Each structure stands twice: as structure tokens, then as C-alpha cells.
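One structure is given here, and the rest of the page talks about it.
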Protein chains: 2
Amino acid sequence: MLHFSELIKTIKARREMLQVNQEMLAELSGVSLRTIKQFESGKGNPTLQTISKLADALGLELTLQVKQLYPDK
Amino acid sequence: MLHFSELIKTIKARREMLQVNQEMLAELSGVSLRTIKQFESGKGNPTLQTISKLADALGLELTLQVKQLYPDK
DNA sequence: CCGAAAAGTGCAACATAATGCTCTATTTAT
DNA sequence: ATAAATAGAGCATTATGTTGCACTTTTCGG
């Protein structure tokens, strides 16, 4: 329904770039391993808190920006 | 616990800038009025889906960016 | 100041996110 | 090819997000 895949990809890519496995990320972020597995495998609808914890642990920042109306596609 | 206030402020400011009240936003976004009230009054921990719906309706985009380590504060 | 509109709150029902445990599948290194 | 490491899934439980309804509070125009 939504473009969660974008966020998921970003999180996963970032985690892999940092050579952190799901288990480590679970410890670093305080989010359970089960939840991370679910999230990264594209299931579920994480809460803002969960996403924020993951983002923080990975040095990522969640932001809201005004969408460009006519991007030079 | 987290910096939700930032996102909330952004959503609320955007809504007001567009001169849309909570009721209209509820209709536009498909998120219930009750949930919007809760969210904007700083309570709750919305799901990604809820945030996305609100963001979409307000022409905002949720993004994850690599955090600057030493911003020229 | 007063009334109407908009925003916030308490309560309860329902849906579902978060979690742990166990097991399976896939990936990776030797 | 195989073993070890990493990732994904099923199931059940607990916690909590979403919602509607009714009511209170705040904001704003006249």
C-alpha cells in the first residue's frame, strides 16, 4: 500500500554498509531481533518509535520535507 | 523519549500553513480524527502507515538521511 | 463578552505491532 | 560440498496503536 520499501531498503543498506548484522542492530537499537527481521523482510507496519530507534543506531535521521511538485524527472 | 515533537511540529505547521483543520486532514488522509488529535497533541506513537498517510495528504515526504556527524552548529 | 468552530481528553472495543521461542531457509566462508 | 553464520517464518502472548462516541477546553471572529 505504501512506499515502505524505500525506508526498508535504506535501513538495510545502511546496516550492511556498516557491516552490522541484525543481531547487533537489535542490541544497538534496543529493538528486538524478531521485530527487525520482520521489518527488513518487508512485513509489518513499524511504529515511529521503532523506526527512530533503528535510525538512531545506524546514524540515520528521519525527516519530513515538502515534496517537490514537479521534480525534473 | 524520542524526538517525535519535531515531526509533530512539522505536520502541524504544514497543516496550518495549508489552512486545513484536523477534520479536513482526517478526510484527506484517511486517518481518523481521533488519531490526528492524539498525534498533534503529542501523545501516542503512530505507525509508519499513519505518518505516511498524513504526510502524503500534506504534500510532505518522509525520508531517511545519513546524519551529519559534526554539523557546524 | 459570547457563541461557534476547532482542538484536546476519557473510556472502551478492536486491530495489530512488538516480542520470545523454535524451526527452516539462505548466505557465506573454508 | 559442507558447516557455520545470518536471515526469515509460524505461533502465541502481551502491549499498544487506531477508532468512535461523548464531553471539556481552548481559540477566534463578531
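Keep in mind that the numbers below use all heavy atoms, side chains included, and drop hydrogens, waters and symmetry copies. Note that the coordinates shown come from a computational prediction; the quantities given were computed from them, not determined experimentally. Proteins get letters first, then strands, A, B, ... in listed order; numbering begins at 1 in each.
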Nearest-angstrom distance from the residue atom CG of L25(A) to C1' of dT6(D)
13 Å

What closest approach, in Å, do I8(A) and F39(A) show between heavy atoms, and which atom pair accounts for it?
CD1-O, 3.5 Å

Where T50(B) and T35(B) come nearest, the two heavy atoms and their spacing
CG2-CG2, 4.0 Å

Ignoring hydrogens, what is the shortest heavy-atom contact between R15(B) and V20(B)? Give both atom names and the distance.
NH1-O, 2.8 Å

Within the distance-only criterion (no hydrogens, no angle test), does the side chain of N45(B) pair as donor or acceptor with the backbone N or O of Q49(A) below 3.5 angstrom?
yes

Value in whole Å for how far the P atom of dA5(D) lies from CD of Q19(A)
17 Å

Whole angstrom value for the distance that separates C1' of dT6(D) from CZ of F39(A):
18 Å

So, for R14(A) and L58(A), which heavy atoms are closest and what is the spacing to 0.1 Å?
NE-O, 2.7 Å

Can you give one letter per nucleotide of nucleotides 4-18 of chain C, 5' to 3': B if a protein heavy atom sits under 4.0 Å from the base, S if only from the sugar-phosphate, - if neither?
--SBBBBB-----SS

